[in-house]
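All of these numbers come straight from a predicted model, not from anything done at the bench.
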Amino acid sequence: MSTEVNRAIVRRFIYAYNTRNLDLFNKLIAPGYVDHTHGKKGIEEFRKLFELAFVAFPDWHEEIVDMIAEEDKVWVRVEATGTQTGEWKYMGGSLSPTGNKITMTMVFIWRIAGGKLAEGWEVDSDSDFLNKLGLMDYTEKGKEMFSGE
């Protein structure tokens, strides 16, 4: 597949996520998909992550900022926003709705095979995400350094 076709697949996948279109999601993910970041294998396990996110952050939206494609891989940087208005199930626990608005930068790397996403990696700041949800607080030194003043 050409790099332009691979880019189009990634664009369609992010569109499917943003519109909660799980039928399109199923068409774009390989049955044996490997999510290296969350340790998930197979389309069903990967799909469950998205379904949990849709409940916790029903307004979650990812805007593509940059995209690079080379051979069978696509790197994409997105600016993501969402408000936690539903229960968030995370790492075996659960967080009641906080109403907290999240804004974060995320980088995804996907390997495309047979016109579908076959493997994926995600790079973002879990600590920043958890801090914005109110699950993690900075130390006094951290507050001093990251207060924005």
Side-chain angles (χ1 to χ4, degrees), residues 1-138 142 146:
M1 302 230 141
S2 75
T3 57
E4 281 309 309
V5 169
N6 289 346
R7 286 170 176 258
I9 291 166
V10 168
R11 277 191 207 94
R12 286 183 71 209
F13 176 75
I14 291 174
Y15 171 80
Y17 187 91
N18 284 338
T19 61
R20 313 305 186 254
N21 184 339
L22 291 173
D23 290 335
L24 182 54
F25 176 95
N26 288 338
K27 292 177 185 174
L28 297 171
I29 305 297
Y33 182 84
V34 178
D35 177 350
H36 294 280
T37 303
H38 302 101
K40 303 293 181 188
K41 260 188 130 165
I43 190 170
E44 286 307 313
E45 284 193 34
F46 190 50
R47 182 181 164 130
K48 283 179 190 173
L49 285 176
F50 283 77
E51 290 170 344
L52 290 172
F54 296 162
V55 169
F57 300 91
D59 65 340
W60 191 265
H61 182 81
E62 296 177 0
E63 189 72 32
I64 296 172
V65 178
D66 288 312
M67 187 181 293
I68 301 168
E70 186 174 310
E71 296 178 11
D72 64 347
K73 293 209 178 66
V74 177
W75 290 256
V76 62
R77 179 171 60 100
V78 302
E79 293 296 327
T81 58
T83 310
Q84 195 228 343
T85 58
E87 181 182 14
W88 176 234
K89 294 184 178 177
Y90 183 76
M91 298 180 75
S94 148
L95 177 66
S96 296
T98 62
N100 292 357
K101 178 114 174 147
I102 305 295
T103 302
M104 64 190 298
T105 300
M106 306 167 81
V107 175
F108 300 103
I109 304 166
W110 281 297
R111 184 178 68 81
I112 314 286
K116 295 185 178 198
L117 302 180
E119 289 183 89
W121 298 261
E122 177 183 328
V123 181
D124 57 50
S125 174
D126 276 345
S127 60
D128 190 41
F129 177 76
L130 296 174
N131 178 268
K132 289 176 181 175
L133 281 177
L135 292 174
M136 206 168 107
D137 200 4
Y138 292 118
F146 300 111

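Contact between Val74 and Ala69 at its shortest, heavy atoms only, is CG2-CB, 4.1 Å. Closest heavy-atom contact between Val55 and Glu87: CG1-O, 3.9 Å. Scanning all heavy atoms of the two residues, the minimum distance from Ile43 to Ala30 falls at CB-O, 4.0 Å. Closest approach of Leu95 to Thr98, counting heavy atoms only: CD2-CG2, 3.9 Å. The nearest pair of heavy atoms linking Lys27 to Lys116 is O-CE, 3.3 Å. Nearest heavy-atom pair across Val76 and Met67 is CG2-CE, 4.0 Å.
With hydrogens and angles ignored, the 3.5 Å screen pairs a side-chain donor or acceptor of Tyr33 with a backbone N or O of Gly120. Without hydrogens or angle criteria, Asn18 side chain to Glu62 main chain gives a donor-acceptor distance under 3.5 Å. In terms of modelled atom types and a separation under 3.5 Å, the side chain of Gln84 and the main chain of Ser96 share a donor-acceptor contact. No donor-acceptor pair under 3.5 Å is formed between the side chain of Glu44 and the backbone N or O of Phe46. Side chain of Asn6 to main chain of Glu71: a donor-acceptor pair is present (N/O by atom type, distance under 3.5 Å, no hydrogens or angles).
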Verify ring-ring contact (aromatic ring centres under 6.0 Å, His included) between Phe13 and Tyr17, making sure each step is shown before the conclusion. CA-CA 6 Å; Phe13 176 75; Tyr17 187 91; 7.1 Å; no

Let me see the working for Val78 and Glu63 under side-chain contact (heavy atoms from CB on, under 4.5 Å), right down to the final yes or no. CA-CA 5 Å; Val78 302; Glu63 189 72 32; 5.9 Å; no

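When the side-chain hydrogen bond (donor to acceptor under 3.5 Å, both in side chains) test is applied to Glu45, no partner is found at least two apart in sequence or on another chain. Remark: Phe108 pairs with Trp110 by the ring-ring contact (aromatic ring centres under 6.0 Å, His included) rule, at least two apart or across chains. Partners of Asp59 by side-chain hydrogen bond (donor to acceptor under 3.5 Å, both in side chains), not counting sequence neighbours, listed by chain and number: Thr83.
A distance of 13.5 Å separates CD1 of Ile68 from NZ of Lys73, quoted to the nearest 0.5 Å. With values rounded to the nearest 0.5 angstrom, Tyr15 atom OH is found 13.0 Å from Ile64 atom CD1. Rounding to the nearest 0.5 angstrom, the gap separating the CG atom in Leu117 from the CD1 atom in Ile29 is 4.0 Å. Within the model, atoms CG of Asp23 and CG of Leu28 stand 11.0 Å from one another, a figure rounded to the nearest 0.5 Å. A distance of 4.0 Å separates CG in Asp66 from CZ in Arg77, rounded to the nearest 0.5 Å. Distance check: Arg111 CZ to His36 NE2 gives 8.0 Å after rounding to the nearest 0.5 Å.
Side-chain contact annotation: Trp121 with Glu119, donor-acceptor N/O pair under 3.5 Å absent.
The pair Arg7-Glu4 meets the salt-bridge criterion, since a charged nitrogen lies less than 4.0 angstrom from a carboxylate oxygen.
Counted within 6.0 Å of NZ on Lys101, heavy atoms from surrounding residues, nucleotides or ligands total more than 12; the atom is thus considered enclosed.
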